[in-house]
Structures are given as structure tokens and as C-alpha cells.
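First up is the structure itself, then whatever we jot down about it.
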Number of protein chains: 2
Amino acid sequence: MSSQTASTPGCPIDGLLQIVGDRWSLLILRDAFYGVRRFDGFQQHLGISKKILAQRLRSLTEAGIFNRVMYQERPQRFEYRLAARGLDTFPVLLSMSRWGTRWLSEPGKEWLQLRHTGCGEIIEAQLVCSHCGERLTPARVKPLAGPGAESKDIESLARAIRKTSS
Amino acid sequence: MSSQTASTPGCPIDGLLQIVGDRWSLLILRDAFYGVRRFDGFQQHLGISKKILAQRLRSLTEAGIFNRVMYQERPQRFEYRLAARGLDTFPVLLSMSRWGTRWLSEPGKEWLQLRHTGCGEIIEAQLVCSHCGERLTPARVKPLAGPGAESKDIESLARAIRKTSS
DNA sequence: TTAGCAGGTTACAAAAAGAAACCAATAATT
DNA sequence: AATTATTGGTTTCTTTTTGTAACCTGCTAA
């Protein structure tokens, strides 16, 4: 996304997509969680062009997802480490991984498994309510306009939905 | 993504990105969760070009995310309803929304709030272990090659990571 | 001395996205 | 009866974004 304008300014999903909503950023982020840190590591593992990789690492660094830290002087060399904002995308990646495993691989032939070192088991990520701990489903989560929303945002969405029930 | 080849075949994250890894699909999906169902609704709310919208709805339908259901004969009209695979992306969208709200809006000025009808509270989505219920953090979740992974996948990742510790 | 590596940049070609006009089937309006 | 509106697109053309391949810089190793 990098240089686009948001189609729905203010929306948190759109906001994140402005940062990672292109073909590569989330794969770069995934590799970073695997432990990849250097330009060459990303480049070889992903098969991404150097030009695009350089662009993405720069924009992700500007967005605060990565810290670019020097690990060697003469010649200067940098590596890309997940910053707080980057680390906090973990639930997004884990949710994506869960979906892909569930719908794209046959049971017993998963490509990736996750072991929780807390309980030692192979697990699935599960999304629950921060307040009561119940599992969250679309039917039981109601989106509401927050204090920062503008009335035009709500009206334009309402118009788009109204088309459905007419 | 639609017509690309996966850079890391087998990876569940890459698999999902093949389906929704472009600038618009996740926004279309978000609107679908809001209740938008028709071509015009998506088009007006998102400000997406009709060409791209038609392409995306077609590819998302082919991928099993949407069902294209006729709601009127003469003239034939279709609407796009979330299929099981589409509904199951809810955790991804919710995780994205949580990230965006946390990092892109000021406290007290959130654009979006989520009310859980189970407990009635304004909540945050939280990712927990399906086995023990503990909150999942990057440090405590270890990715392992599953039974469907090929050794070359693992080796190429190992090489990319090794660059880090050399 | 030559080769190699890490981390890029540059120039150019190919692919994707966007804008705007158009179309088809029908219904509503004048 | 003719005109206009609505929904759900397609077509054509232009602009942007990606990708490819060659090149560069500063150093190290053989």
C-alpha cells in the first residue's frame, strides 16, 4: 500500500493495510517471526526482488514495524529487528496461519505446527473476549462507531448496507 | 495476489495471502462482515474501481470465501454472502482491527468499538492457546515443521536464519 | 590480483490497477 | 412511446507498481 490513500480513513483495519497491505509485507513479517533479520536472508528465502525488498524494509521501518540496527561497522551493515509494533502483529499472523492450516491443508498433513511452550502441546490460536474469555464469533461481536468516528463514515456505510435489505 | 505463484508453497500464511493478499480483498471482507452484500454497496463504500471489484469478487468466490447467490430473477441479480471459509477469516480481521486501534488511534478516540453480546462489554480480541487458555506471545509459541512440510522448505528457511547468527 | 559478499541502486520491461465510457435488462417517469 | 434510472458489470486506455538484470560500494579472503 505504502503510497496510497486509505479508502476508509480512520478504520483500524484500513490503517494496518496501509502499512502491510501489499503482496510482500506480511511474508516479510512472517519470516521476521521465524528469526530472519538480514536483507539477504529475506531475499533468498522469499525470492523477492531486491528493489521491492529494499522498499518494503524501508517503509516498514518508517512505520515502526522494524528497527534497523547496525550490527557491524566498516562496512556498515544493518539488520531488521521487530519493533514493538511489529511484535504486536503476532495475532494477525497467527490467525492467518490458523485459517490457512484449517482450509488449505489436509488433516494430518499440516505444513506448520505450533507448540505452546506454556503447556507443551501442539495448539491452535483461539480468539476470545478480553473481558469474559468467551470465544468470539461474528454473530456475537457487534461493531459500533467509536468516539473518533465521523458521522459521514457511518452514513456511507449505512447506505452501502441498506442496498442489501431493500 | 490472485494470479501469482506462492513464494513459499505450503505455508498457510502464504496460502491465505494468495487469496486475500492484495490491496482490496481484506477491505471487501471487512465490509462483508459489516453486512454489505452487493456490488454497488462495496463499490460506493470502498471507492474501488468496478473492474477491480468485479475481479476480486470473482476470485474470492472461486476461492470459496463468498457465495454468489441470486436474489432476483429478471433481471438476474446476485449478491455476495460470506461462505464458511469467509466467515472463518473473522479472527484475522479482528486481530487487524485490534492492532490498528491500539497503534493508530489515540486512547479515547477510537474509530471502532466492539461490543460482545455475550457479556455486553466493549472488548478487545485476545489470542489464547486452544489447549490451556493462556495468552499467546511470540516468545512462547514455537513454530515446528508439520508432517506436510518438505525438507527443502526447512533448509531454505534455516539458511535464511543462519545469516543472522553468523 | 581476483573473487566474493552484504546491501543495496538504476534503467528498463511487464503486469496490475485505475478512470471513464459503454452496455444490457428491466422498471419507473414523463 | 420515449426518456431516465438502477444494478452489475465489460472494454479501452493511461498510470502505477512490480519484476529483472546489471551495476556499484566497501570491505575480506584466497
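Note on naming: letters A, B, ... go to the chains in the order of the sequence lines (proteins, then strands), and numbering restarts at 1 for each one.
Side chain of Arg68(A), nearest nucleotide from dG8(D), dT20(D), dG8(C): dG8(C). Distance from the side chain of Arg23(A) is smallest for dA17(C) among the nucleotides dA17(C), dT10(D), dT7(D). Considering only the side chain of Gln55(A), dT18(D) comes nearest among dT9(C), dG9(D), dT18(D). Comparing dG8(C), dC27(D), dT18(D) against the side chain of Lys51(A) picks out dT18(D) as the nearest.
Applying the ring pair (Phe, Tyr, Trp, His ring centres under 6.0 Å) test to every pair with at least one member in residues 73-92 of chain B, sequence neighbours left out, gives these pairs: Phe33(B)-Phe90(B).
Heavy atoms of Phe42(A) sit nowhere under 4.0 angstrom from any nucleic acid atom.
Annotation: cation-pi geometry satisfied between Arg38(A) and Tyr71(A) (NZ/CZ under 6.0 angstrom from ring centroid, within 45° of ring axis).
When the P atom of dA27(C) is taken as reference, atom CZ of Arg74(B) falls 8 Å away, rounded to whole Å. Atom-to-atom, CZ of Arg159(A) to C1' of dT6(D) comes out at 16 Å; the value is rounded to the nearest Å. Taking atom CZ of Arg37(A) as the reference point, atom P of dA6(C) lies 16 Å away to the nearest angstrom. If you measure from atom CD of Gln76(A) to atom C1' of dT9(C), you get 17 Å, rounded to the nearest angstrom. Per the geometry, CD1 belonging to Ile52(A) stands 12 Å off C1' belonging to dA15(C), to the nearest Å. Atom pair Asp22(B):CG and dT18(D):P shows a separation of 11 Å (rounding to whole Å applied). As rounded to whole Å, 11 Å separates atom P of dG8(D) from atom CD of Gln44(B). In this entry the distance linking CD1 of Ile28(A) with P of dG7(C) reads 14 Å, nearest Å.
Not one side-chain nitrogen or oxygen of Trp24(A) sits closer than 4.0 Å to the OP1 or OP2 atom of dT18(D). Proximity of Arg56(A) to the phosphate of dT18(D): a side-chain N or O atom is located under 4.0 Å from OP1 or OP2. Residue Tyr80(A) places none of its side-chain N or O atoms closer than 4.0 Å to OP1 or OP2 of dA6(C).
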Under 3.5 Å, which protein N or O atoms sit close to an N or O of nucleotides 2-5 of chain C? Give each pair with its distance.
none

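Atoms CG and CG, on Leu94(B) and Leu127(A) in that order, are 5.5 Å from each other to the nearest 0.5 Å.
The C1' atoms of five pairs define one axis at each end of the helix from dT1(C)-dA30(D) to dT30(C)-dA1(D), and these two axes lie 10° apart (to 10°).
Remark: the Thr8(A) side chain and the Arg30(B) side chain contain an N/O donor-acceptor pair separated by less than 3.5 Å.
A single hydrophobic cluster is seen to contain both Met96(A) and Leu26(B), as judged by linkage of ILVMFWY side chains at heavy-atom distances under 4.5 Å, directly or through other members.
Closest-nucleotide positions on DNA chain C for Lys50(B) and Glu79(A) were compared, and the one nearer the 5' end corresponds to Glu79(A).
The environment of Arg102(B) atom CZ is dense: over 12 non-hydrogen atoms of other residues, nucleotides or ligands sit within 6.0 angstrom. The number of heavy atoms from other shown groups lying within 6.0 Å of NZ (Lys142(A)) is above 12.
Contact annotation: the side chain of Thr101(A) never approaches that of Trp111(A) to less than 4.5 Å [non-hydrogen atoms, C-beta and beyond].
Under the 4.0 Å criterion applied to side-chain N and carboxylate O atoms, Arg77(A) and Glu79(A) are not assigned as salt-bridge partners. A salt bridge between Asp22(A) and Arg56(A) is present, with a side-chain N of the basic residue lying under 4.0 Å from a carboxylate O of the acidic one.
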